[in-house]
Q: 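Take a look at this one; I'll ask things after.
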Amino acid sequence: LWLYAQTEYWLNHISKSKKAYRKAMALNPDNDYLQLDYAKELVDLGDLKQADTIIARLQARGKNYSAMHILKARIAFDNGNYNQTNLEAYYALQLDKGNTEALGLYEKVAQAKAPWLKTGIGYTNDDQPMQTIAPSIEAGIYLHRYAALQLGFYSPVFYTNGSFKSAQIFQAGDVTNFSQIGLLLQANAGVVKYPTNRISWLGNLYISKTFIKHLVVEVQAEEKPYFYTISSIDSVVNAGHFVFSLGWNDKSTWNGKASFDFNYFNDKNYAYSAYAWLFAPPIKFWKAELRFGYSYNFSNANTSHFVSSETLAQIISNYATTQQITGVYTPYFTPNMVQTHSALVSFDMEPIKALSINVHANIGFYASAQTPYLYLDNYGGETVIARDYFRNTFWPFNVGASLSWQANRAINLSAEYTYTSSYFFSSHYAGLSLKASFLNGKKKK
């Protein structure tokens with residue numbers, strides 16, 4: 001039964017594995033190593049409370065194994081208690097000198113508590129046409145078990161219509177993680193200087209709560225600038241952004257999320273989207289994992305901002321009955337009854353311990369929208385530019401790849417690329433970042 005339980009776990013048949021472990025433990029309740037092996041599986045799966053119960057039962061019987069302290073150290077680390085992690089790793093080393101897991105936990109604590117600095121740059125090219133180069137610098141420092149200070153400076157540069165314009169953003173915040181109760185709080189505030197030289201504030205509050213191990217509720221409220229259209233660069237556009245989502249994050253089986261996203265702009269217009277995605281259990285082979293899934297998205301806005309790119313006088317002076325009036329979204333994009341059904345594909349691979357690779361695709365197999373168009377009409381004896389809609393179907397898709405390389409214990413390099421295509425626009429994005437951790441001392445051996 002013990003061997004069968006292990007085999008089912010390796011095959012990712014988690015419920016069968018747990019059932020076999022419990023049967024084996026009922027047949028042989030005094031087998032400490034069987035109980036420790038089951039506790040290790042529970043820790044691997046994130047079931048920390050049940051694992052801790054098994055370990056406490058062994059301790060009550062006077063047992064003292066290095067594996068017990070390793071599991072207690074892992075539980076403490078996942079709960080954000082780094083001092084307790086180091087203490088339990090120390091106890092494990094007293095019983096088993098040179099224990100590689102204990103030494104690895106020392107290193108994980110050193111990484112988690114080390115101050116860090118991250119520099120990056122992103123490049124976006126879309127068909128408005130607009131190009132954006134976005135350098136950034138971020139830093140963080142661990143202050144306390146429940147507090148980690150983070151700072152960020154971002155300076156996107158926009159190139160469009162033959163000129164460069166830039167914005168500057170500075171923000172500071174704190175991350176508080178109450179891991180024992182599955183609660184994460186993140187708050188930051190800052191200022192933004194728009195390309196028009198106007199200065200305004202921004203802020204963000206994010207709350208995540210985990211229930212029954214894998215059920216995650218997320219709430220976010222933020223004030224942020226909008227820099228995604230040419231006209232938004234020449235004006236001041238900001239939005240109150242609100243998100244509520246409910247998800248199941250167990251990546252060993254079915255997992256997914258449903259979310260509602262709402263943006264309230266400074267001209268009192270709003271846009272929103274409701275979406276959901278679901279991934280099937282992973283297909284594992286060699287050092288890789290393949291997932292397939294499905295997603296649905298519905299987006300709409302209260303008022304359309306699709307307007308003519310020319311004045312009425314310019315249109316009339318060059319007008320022909322077959323002429324199409326060119327329109328543009330200004331100062332921000334407003335969807336109109338857009339719905340998308342997509343197939344999802346995600347491929348993860350870790351060919352060596354220091355390198356992880358992800359390739360993903362979101363392929364819309366059916367999408368529709370009420371697409372706006374413009375025409376000349378007569379209203380009250382005057383010629384006006386009128387707007388109407390027609391139902392349009394299209395096939396959007398998004399493909400991308402990313403990699404992360406841990407060059408050494410202090411340096412991490414990451415890169416990503418994404419191509420997005422829809423009826424409304426297409427864009428290329430490429431990003432590169434380097435993160436340095438300032439660790440104290442050398443790695444323990």
Side-chain angles (χ1 to χ4, degrees), residues 116-124 126 128 130-141 143 147-160 164-177 183-208 218-245 259-273 275 299 301-303 305 329-335 416 427 429 431 433 435:
W116 55 268
L117 180 69
K118 182 179 179 181
T119 59
I121 188 166
Y123 172 75
T124 304
D126 62 43
Q128 294 187 71
M130 184 168 75
Q131 299 177 58
T132 305
I133 300 174
S136 64
I137 183 167
E138 300 172 324
I141 184 169
L143 301 175
L149 177 65
Q150 294 185 359
L151 305 172
F153 177 74
Y154 313 89
S155 184
V157 178
F158 312 98
Y159 178 75
T160 183
F164 289 94
K165 298 178 182 180
S166 66
Q168 290 78 43
I169 300 170
F170 173 79
Q171 59 186 19
D174 178 72
V175 179
T176 304
N177 193 351
L183 178 65
L184 175 68
L185 303 176
Q186 181 174 351
N188 59 56
V191 294
V192 52
K193 182 181 179 183
Y194 292 86
T196 61
N197 290 323
R198 177 178 168 181
I199 297 176
S200 183
W201 70 277
L202 55 83
N204 175 61
L205 175 64
Y206 170 81
I207 303 173
S208 172
E218 296 172 288
V219 178
Q220 182 179 21
E222 64 175 329
E223 179 78 8
K224 64 177 184 177
Y226 183 98
F227 293 131
Y228 302 106
T229 63
I230 293 174
S231 55
S232 70
I233 308 304
D234 297 323
S235 57
V236 175
V237 182
N238 63 313
H241 180 221
F242 307 93
V243 181
F244 176 81
S245 67
S259 184
F260 181 77
D261 188 296
F262 184 87
N263 288 281
Y264 187 79
F265 294 95
N266 53 335
D267 63 355
K268 299 184 179 180
N269 189 28
Y270 61 85
Y272 62 90
S273 64
Y275 62 89
S299 301
N302 182 50
T303 302
H305 278 327
Y329 288 97
T330 181
Y332 51 85
F333 175 71
T334 50
E416 62 178 312
S427 69
Y429 171 79
S433 67
K435 182 178 180 181

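This chain uses plain numbering: 1 for the first residue, then up along the sequence.
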Q: Does Lys224, at its NZ atom, have more than 12 non-hydrogen atoms belonging to other residues, nucleotides or ligands within less than 6.0 Å?
A: yes

Q: Roughly how far, to the nearest 0.5 Å, is OG1 of Thr196 from NZ of Lys165?
A: 9.5 Å

Q: Check whether any side-chain heavy atom of Ile133 lies under 4.5 Å from a side-chain heavy atom of Ile121, and answer yes or no.
A: yes

Q: Between Glu222 and Tyr206, is any side-chain donor less than 3.5 angstrom from a side-chain acceptor?
A: no

Q: List the atom of Ile169, the atom of Leu202, and the distance in Å for their closest heavy-atom pair.
A: CG2-CD2, 3.5 Å

Q: How many angstroms lie between OG in Ser299 and CZ in Phe333, if you round to the nearest 0.5 Å?
A: 8.0 Å

Q: Between Phe242 and Phe262, how do the two ring planes meet: parallel, tilted or perpendicular, split at 30° and 60°?
A: tilted

Q: Measure centre to centre between the rings of Tyr228 and Tyr226, then say whether the value is under 6.0 Å.
A: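 Close enough - the centres of the two rings lie under 6.0 Å apart.
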
Q: Measure the shortest side-chain to side-chain distance between His241 and Asn263 over non-hydrogen atoms and say whether it is less than 4.5 angstrom.
A: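 A side-chain contact under 4.5 Å exists here.
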
Q: Can you check whether Phe164 and Tyr159 have ring centres sitting under 6.0 Å from each other?
A: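 Aromatic pair counts; centres sit under 6.0 Å.
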
Q: Side chains of Trp116 and Glu138, heavy atoms from C-beta outward: is any pair under 4.5 Å?
A: yes

Q: First locate atom CZ of Phe170, then atom CD1 of Ile137, and finally report the distance between them rounded to the nearest 0.5 Å.
A: 11.0 Å

Q: Do the side-chain N and O atoms of Tyr275 and Ser259 include a donor-acceptor pair separated by under 3.5 angstrom?
A: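 Note: Tyr275 and Ser259 side chains meet the donor-acceptor criterion.
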
Q: Determine, using ring centers only, whether Phe227 and Tyr194 are less than 6.0 Å apart.
A: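 Tyr194 vs Phe227: aromatic centres under 6.0 Å.
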
Q: Show, in sequence, the C-alpha distance, side-chain angles and deciding distance for Thr176 and Asp174, and conclude whether the side-chain hydrogen bond (donor to acceptor under 3.5 Å, both in side chains) test is met.
A: CA-CA 6 Å; Thr176 304; Asp174 178 72; 2.7 Å; yes

Q: Minimum heavy-atom separation for Asn266 to Val236, with atom names?
A: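 The answer is ND2-O, 3.1 Å.
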
Q: State, to 0.1 Å, how close Ser231 and Pro331 come at their nearest heavy-atom pair, and which atoms those are.
A: OG-CA, 3.0 Å

Q: State, without any angle test, whether Gln186 and Asn204 hold a side-chain donor-acceptor pair at a distance under 3.5 Å.
A: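 No - no donor-acceptor pair under 3.5 Å links their side chains.
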
Q: Under a 3.5 Å threshold, yes or no: a donor from one side chain and an acceptor from the other, between Asn188 and Gln150?
A: no

Q: Of the non-hydrogen atoms in Asp126 and Ser427, which two are nearest, and what is the gap between them?
A: CB-CB, 3.7 Å

